[in-house]
Amino acid sequence: GLDAEHEAALIALAQADAEVERVQAEITDIDRRRVAVGARCDALELSLRRRDASGTLLASSDRVAGMIGSLASLLHVDPGAQAAVAAVLGDLADAVVVRGVRGAVESLLVLKELDAGRASIVVADQSERVTPAFPASPPSGRWLRDSVRASEGLTSIVDHLLGPAVLVADSDAAARGMEADPSLTWV
């Protein structure tokens with residue numbers, strides 16, 4: 001009797017200890033996943049806040065001398081080239097364009113004062129930027145910058161931002177172009 005009860009109690013204790021270990025491991029795993037999801041949420045919130053920062057800056061244009069507008073609104077892109085331009089510009093597609101260094105500094109001060117987050121700022125100045133010389137036409141396709149027209153005074157900026165990007169018909173043409181001339185961006 002008593003030995004059997006003791007043996008059964010030891011088995012039950014061992015099972016309970018094993019169950020406690022399993023639950024603790026599960027809690028640790030859940031806590032690790034919770035922290036990872038929290039970090040992902042924080043990153044997403046930061047990225048959304050960044051987009052809002054450009055909007056906040058544009059809405060505060062009266063506080064920034066030389067505010068021109070959003071880069072996207074100042075570019076006129078040929079049909080069929082929009083995705084390629086967006087891919088090459090990346091985050092700069094949402095950039096705010098200001099005239100001169102003073103406009104850029106005032107933009108940063110407004111963003112800081114309003115705790116609006118980060119925004120990409122493109123500085124349009126009166127001096128012409130030196131754009132690297134490229135051949136009249138690329139080895140295949142066409143220069144992406146030839147598909148974009150910019151508002152007055154921004155042509156040299158567009159040439160600089162889109163630089164060596166070549167617009168081609170498809171991914172096979174891009175792969176062949178990359179093999180032929182990896183110094184160019186093939187889209």
Side-chain angles (χ1 to χ4, degrees), residues 15-64 66-98 101 103-124 144-145 147-148 150 154 157-158 160-179 182-187:
Q15 290 173 342
D17 285 344
E19 182 65 13
V20 166
E21 284 183 36
R22 186 192 66 76
V23 169
Q24 285 176 334
E26 191 174 320
I27 288 171
T28 301
D29 184 55
I30 289 170
D31 193 46
R32 190 180 75 251
R33 285 188 285 164
R34 181 190 57 78
V35 169
V37 168
R40 181 182 289 164
C41 287
D42 290 346
L44 289 171
E45 182 179 338
L46 184 61
S47 71
L48 289 173
R49 189 172 186 195
R50 182 174 183 193
R51 291 178 196 225
D52 292 339
S54 294
T56 299
L57 195 53
L58 290 167
S60 304
S61 62
D62 58 324
R63 298 175 60 185
V64 178
M67 172 73 69
I68 298 173
S70 70
L71 181 61
S73 71
L74 300 169
L75 301 180
H76 306 283
V77 182
D78 292 345
Q82 296 94 337
V85 170
V88 171
L89 290 178
D91 287 344
L92 287 176
D94 294 327
V96 175
V97 181
V98 297
V101 173
V105 170
E106 288 178 6
S107 296
L108 294 173
L109 291 173
V110 167
L111 289 172
K112 181 179 179 183
E113 178 186 326
L114 298 176
D115 192 26
R118 300 180 337 166
S120 296
I121 299 171
V122 173
V123 178
L144 182 59
R145 65 182 178 271
S147 301
V148 179
L154 297 179
I157 289 173
V158 170
H160 178 77
L161 293 174
L162 298 180
V166 180
L167 182 62
V168 291
D170 55 36
S171 58
D172 289 335
R176 287 191 304 276
M178 191 65 169
E179 288 173 358
S183 69
L184 300 175
T185 302
W186 298 86
V187 290

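Every heavy atom of this structure was used, including side-chain atoms; hydrogens, water molecules and symmetry mates were not. On a predicted model such as this, the values are computed, not experimentally measured, just so you know.
Thr56 contributes atom OG1, which lies 10.0 Å from atom CG of Asp115 (distance to the nearest 0.5 angstrom). Note: Leu57 CG to Leu111 CG = 4.5 Å, rounded to the nearest 0.5 Å. Here CG of Leu144 is found 9.5 Å from OG1 of Thr185. Values are rounded to the nearest 0.5 Å. To the nearest 0.5 angstrom, Ile121 atom CD1 is 4.5 Å from Leu108 atom CG. Considering CE of Met178 and CG of Leu184, their distance stands at 9.0 Å, rounded to 0.5 Å. Atom CD of Glu19 is separated from atom CD of Gln24 by 10.5 Å, given to the nearest 0.5 angstrom.
Considering all non-hydrogen atoms of both residues, Gly103 and Val64 come closest at O-CG1, 3.5 Å. Closest approach of Ser120 to Asp91, counting heavy atoms only: OG-O, 4.0 Å. The minimum heavy-atom distance linking Arg118 with Ala53 is given by the pair O-CB, 3.0 Å. In this structure, Ala104 and Val98 approach most closely via the heavy-atom pair N-CG2, 3.5 Å. Closest non-hydrogen pair, Ala93 versus Leu71, comes out as O-CB, 4.4 Å.
Inter-residue side-chain proximity for Leu114 and Arg63 is flagged as met; some heavy-atom pair is nearer than 4.5 Å. Between Leu109 and Glu113, the closest side-chain pair of non-hydrogen atoms is not below 4.5 Å. Ser70 places a side-chain heavy atom less than 4.5 Å from the side chain of Leu58.
Of the candidates Val158, Val97, Ile157, Val158 is the only one forming a side-chain contact (heavy atoms from CB on, under 4.5 Å) with Leu75.
Remark: Asp29 engages Arg33 in a salt bridge, criterion side-chain N to carboxylate O under 4.0 Å. Between Glu179 and Arg176 there is no salt bridge, since none of the side-chain N atoms of the basic residue sits less than 4.0 Å from a carboxylate O of the acidic one.
Formation of a donor-acceptor pair under 3.5 Å by the Ser54 side chain with backbone atoms of Asp94 is found in this model.
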